Amino acid sequence: MRILVVEDEPDLRRQLKAALTDIGYVVDEAADGEEGQYLGENEAYDAIVLDIGLPVMDGISVLERWRKADLKTPVLILTARDRWSDKVSGLDAGADDYLVKPFRMEELLARVRALIRRAAGLPSAELACGPVVLNTRSGKVTVDGAPIRLTAQEYRLLAYLMHHPDKVVSRSELTEHIYDQDFDRDSNTIEVFVNRIRKKLPVDIIKTVRGLGYRVEAPAGPDAA
Ligand code: CA
């Protein structure tokens, strides 16, 4: 899962990136509206955190351009405490949620998780596939309750597949959602990561769909494991 943070205050931007990275997301940052607008429209994100008070281009204009360009990515806006009207303009411009500064980082993380979950149509913060459970709150994976140690990239790959159950996800789509913009991307490494995950999980939940990509099956009933 890949997140874009558009925030001009360096300290807050750094804190947002650290907190989001900590729970398993890969994060790109932009410090002004123009750069943010460009990245949002040209890179693949699973959610965007957008400050409203931004230099060069304000957050409302950025959001309006995205929605006009038919960008459907969920967007959480950050508004200043004394600017209640920004919430209204932001939601009307196509924001999915908002937070008023100052906010608790835990709340922001919970809201971002909820946006991603809602966009994927998933009901819970714990994603299960048979005995494999991915906890999006902690960024941890367990099998029958026993923790599995995954690298950050392995986790992000598995998380992306588990957020899109029953969907065939191509290697290039996975590449776009597990690396940040500065990474030298190579879709051949996806196969390497998938094989490593398969070795670490006692059950094989990632199906290869020849020539197309990978698929994790949607969880069946409670007695599926
Ligand atoms: Ca600002």
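Remember, it's a predicted structure, so these values are computed and weren't measured experimentally. Counting convention: from 1, in listed order, for ligands and their atoms alike.
Proximity of Glu9 to Leu78: side-chain heavy atoms (C-beta onward) are nowhere separated by under 4.5 Å. Between Ile190 and Leu157 there is a side-chain heavy-atom pair separated by less than 4.5 Å.
Because the distance cut-off is set at 3.0 Å, Gly53 qualifies as a neighbour of the Ca ion (ligand 1) through one of its N, O or S atoms.
Contact between Arg118 and Asp96 at its shortest, heavy atoms only, is NH1-O, 4.4 Å.
Residue Asp8 approaches the Ca ion (ligand 1) most closely through its N/O/S atom OD1. Closest to the Ca ion (ligand 1) among the N, O or S atoms of Asp51 is OD2.
At a cut-off of 3.5 Å, with distance as the only test, no side-chain donor of Tyr98 or Asp86 sits close to an acceptor on the other residue.
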